[in-house]
Trainee: 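Shown below is the structure under consideration.
These numbers were taken from a predicted model, which means no experiment stands behind them.
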Amino acid sequence: MVHVTNGHFLCGNNIFQQIVLQIIQLPASIILSSIIICIIVRDQDEKERGKAVYIGRPIFAVPWPASHCQSLVAGVTSEAAAACSYSCLLPTGNQNSIPTRTRTRTRKHRTSERLSSRVRAMERRRRGGCFCLLAVAVVVVAAAAAVGEAKLSPDHYRRTCPRVESIVRSAVARKVRATFVTVPATLRLFFHDCFVQGCDASVMIASSSNDAEKDAPDNQSLAGDGFDTVVRAKAAVEKACPGVVSCADILALAARDVVSMSSGPSWTVELGRLDGLVSKAGDVTGRLPGPDMQPDAITVLFDGNGLAVHDMVALSGAHTVGFSHCARFAGRLYRRGAVDPSLSPSYARQLMAACPPDVDPTIAVDMDPVTPTVFDNKYYANLAAGLGLFASDQALHDGAASRPAVQGFAGNQTLFFEAFKEAMVKLGRVGVKSGGDGEIRRDCTAFNSK
């Protein structure tokens, strides 16, 4: 079955249901380009065999490219395709006419010409038949609305690359075994990507003129292991499913996997993102939280991405496995010759020993001094003890709006894990690209050549 401008379909009941499912999985823009109302005709012979024959007749249509026709047929099982008679015709003649012939003969039905003739005769006589209108358009349009809202689905690659999650997980596991830095590096990469022009892997682009997102000052501290993780996972996926899975989706899966591989929670990742077509260093400015920002300012950034204060506090918990270069927090130790009083004195001495004023700029320290390689809720307990590495971390404990969540997560790891999972799913929906706004890159570090 394929419905295009002047097309029609002849299918049994089960096959019809399969095809409707295929239609509603198409992009909303395609679905909304056609409205179908079908007449269900059941004659005595078919009724005895427990089958129904559907004759699809477009009452409104606009041109539907042959590529959509082919992709729809490809999505139906081979058995279904063999049992259906379909045609993809160019828009000719009366748009409301039903063709008298189809291009394909079926094994289970008479030829479409004889069947069409019989149906026309039945319509004239209305003999022993049951005629009813099936408003497929209503179902399809309703599904289109749902697709338009969500855009993402955990089953997006169920047919095109069913092993994508296991392939990515294996690549990530190898990288984590090689270096634990992979965990915070990949997680932070996902956050930095989504907060700048949405989750579209634009942070992965390497520019010869050093003017891509990754070249912005706020992204200079992103560890190379995060980029390498995505590149390796993409290479493995390409071997199994070339040109199918976006780098943005691979990064989302990798972020989930590094958390679960460090004793943290796991969650269902929604898929179906496209890779962005733009990556500019200038777009980064003002879009990422800084180490000295106060909760109110950070809240504004999160709110602009559809994330509430509760989400902000939960996502900040990623610092339980993070690390930072000394320059990012040196001001709390040496500014105006005094240590930030919100720091624990013993913790301040520990930091000053690791980060003297003339420290090598490549030196970094763990953000969680208690359990730096375990994804847990110690980060929040650390804040209560004055062990927050960044001023922005410590301010979460002191802020009236954020303190309840900090205290709740500190006392209940399960509560933190559930909030973190929910926040990561919401983060993954930010600025998702679709249609002509994106592509599926062959190389995550470069746009496809046109």
Side-chain angles (χ1 to χ4, degrees), residues 18 21-30 65-81 147 150-176 182 186 189-190 193-194 198-206 226-258 260-261 266-277 425 428-429 432-450:
Q18 288 189 47
L21 290 176
Q22 287 299 313
I23 292 175
I24 66 177
Q25 291 183 46
L26 291 172
S29 59
I30 297 175
S67 60
H68 300 334
C69 179
Q70 295 165 359
S71 64
L72 182 60
V73 175
V76 183
T77 63
S78 57
E79 178 182 358
V147 171
K151 296 184 180 179
L152 304 176
S153 167
D155 297 325
H156 185 77
Y157 299 109
R158 179 166 58 89
R159 290 187 178 88
T160 56
C161 194
R163 294 182 53 244
V164 61
E165 294 204 35
S166 62
I167 294 172
V168 171
R169 188 176 299 111
S170 295
V172 172
R174 287 192 292 271
K175 184 67 180 177
V176 171
T182 300
T186 305
L189 186 66
F190 180 62
D193 180 50
C194 293
C199 306
D200 62 356
S202 52
V203 73
M204 295 290 302
I205 293 295
F227 294 94
D228 189 50
T229 298
V230 178
V231 169
R232 289 171 182 257
K234 173 66 171 177
V237 171
E238 283 295 296
K239 289 181 179 179
C241 317
V244 171
V245 183
S246 68
C247 300
D249 278 345
I250 290 175
L251 176 53
L253 289 169
R256 185 269 311 274
D257 292 341
V258 294
S260 63
M261 290 175 190
S266 184
W267 59 92
T268 300
V269 176
E270 297 173 333
L271 302 169
R273 301 166 187 80
L274 290 181
D275 299 321
L277 302 175
V425 172
R429 296 170 180 165
V432 170
K433 304 297 187 297
S434 61
D437 293 332
E439 64 182 4
I440 295 178
R441 289 185 212 135
R442 293 181 290 272
D443 175 356
C444 289
T445 67
F447 300 119
N448 293 341
S449 57
K450 301 301 183 182

Trainee: How long is the span from the CG atom in Leu271 to the CZ atom in Arg158, to the nearest 0.5 Å?
Mentor: 13.0 Å
Trainee: What is the distance from atom CG of Asp257 to atom CD1 of Ile250, rounded to the nearest 0.5 Å?
Mentor: 11.5 Å
Trainee: Working to the nearest 0.5 Å, report the span between NZ of Lys234 and SG of Cys444.
Mentor: 5.5 Å
Trainee: How close do Cys199 and Ala248 get, heavy atom to heavy atom, and via which atoms?
Mentor: O-CB, 3.7 Å
Trainee: Compare all side-chain heavy atoms of Val172 with those of Leu253 and state whether any distance is below 4.5 angstrom.
Mentor: no
Trainee: Could you measure the distance from the CD1 atom of Ile205 to the CG atom of Asp443? Nearest 0.5 Å is fine.
Mentor: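 Between Ile205 CD1 and Asp443 CG, I get 8.0 Å after rounding to 0.5 Å.
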Trainee: Would you give the length of the straight line joining atom OG1 of Thr229 to atom CG of Leu251, rounded to the nearest 0.5 angstrom?
Mentor: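 Result: 9.5 Å between the selected atoms.
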Trainee: Looking only at non-hydrogen atoms, find the nearest pair between Ala233 and Ala171 and report the distance.
Mentor: CA-CB, 3.7 Å
Trainee: I need the minimum non-hydrogen distance between Val203 and Phe227, along with the two atoms involved.
Mentor: O-CE2, 3.3 Å
Trainee: I need the single residue from Cys247, Ser449, Pro242 that forms a side chain to side chain contact (heavy atoms under 4.5 Å, CB included) with Arg442. Which is it?
Mentor: Ser449
Trainee: Using only atom types and a distance under 3.5 Å, with no angle test, would you say the side chain of Thr182 pairs donor to acceptor with the backbone of Lys175?
Mentor: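 Confirmed, Thr182 side chain pairs with Lys175 backbone.
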Trainee: Restricting to non-hydrogen atoms, name the atom on Arg232 and the atom on Asp228 that form the minimum distance, rounded to 0.1 Å.
Mentor: NE-OD2, 2.6 Å
Trainee: Quick one: closest heavy-atom pair of Ala255 and Thr186, and the distance?
Mentor: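 Nearest heavy atoms, Ala255 then Thr186: N-CG2, 4.0 Å.
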Trainee: So Asp200 and Asp193, do their side chains get closer than 4.5 Å, heavy atoms only?
Mentor: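 Heavy-atom side-chain distance check passes, below 4.5 Å.
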Trainee: What I want to check is whether the side chains of Asp155 and Ser153 have a donor and an acceptor closer together than 3.5 Å.
Mentor: no
Trainee: Name all residues meeting the salt bridge (Lys or Arg N to Asp or Glu O under 4.0 Å) criterion together with Arg441; count only those two or more places apart in sequence or in a different chain, and write none if there are none.
Mentor: none
Trainee: Under a 4.5 Å cut-off applied to non-hydrogen side-chain atoms, are Trp267 and Pro154 in contact?
Mentor: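 Side chain of Trp267 against side chain of Pro154, heavy atoms only: no contact under 4.5 Å found.
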Trainee: Quick one: list whatever passes salt bridge (Lys or Arg N to Asp or Glu O under 4.0 Å) with Asp249, sequence neighbours left out.
Mentor: Arg273
Trainee: Quick check: do Arg169 and Arg256 have side-chain heavy atoms less than 4.5 Å from each other?
Mentor: yes
Trainee: Would the distance check show the side chain of Glu439 and the main-chain N or O of Leu274 forming a donor-acceptor pair, the cut-off being under 3.5 Å?
Mentor: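 No; judged by distance alone, with no hydrogens or angles, the pair does not exist.
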Trainee: State, yes or no, whether a side-chain contact exists between Val168 and Val237 at a heavy-atom distance under 4.5 Å.
Mentor: yes
Trainee: At their closest point, which heavy atom of Leu277 faces which heavy atom of Gly436, and how far apart are they?
Mentor: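 Looking at all heavy atoms of both residues, the shortest contact is CD1-O, 3.5 Å.
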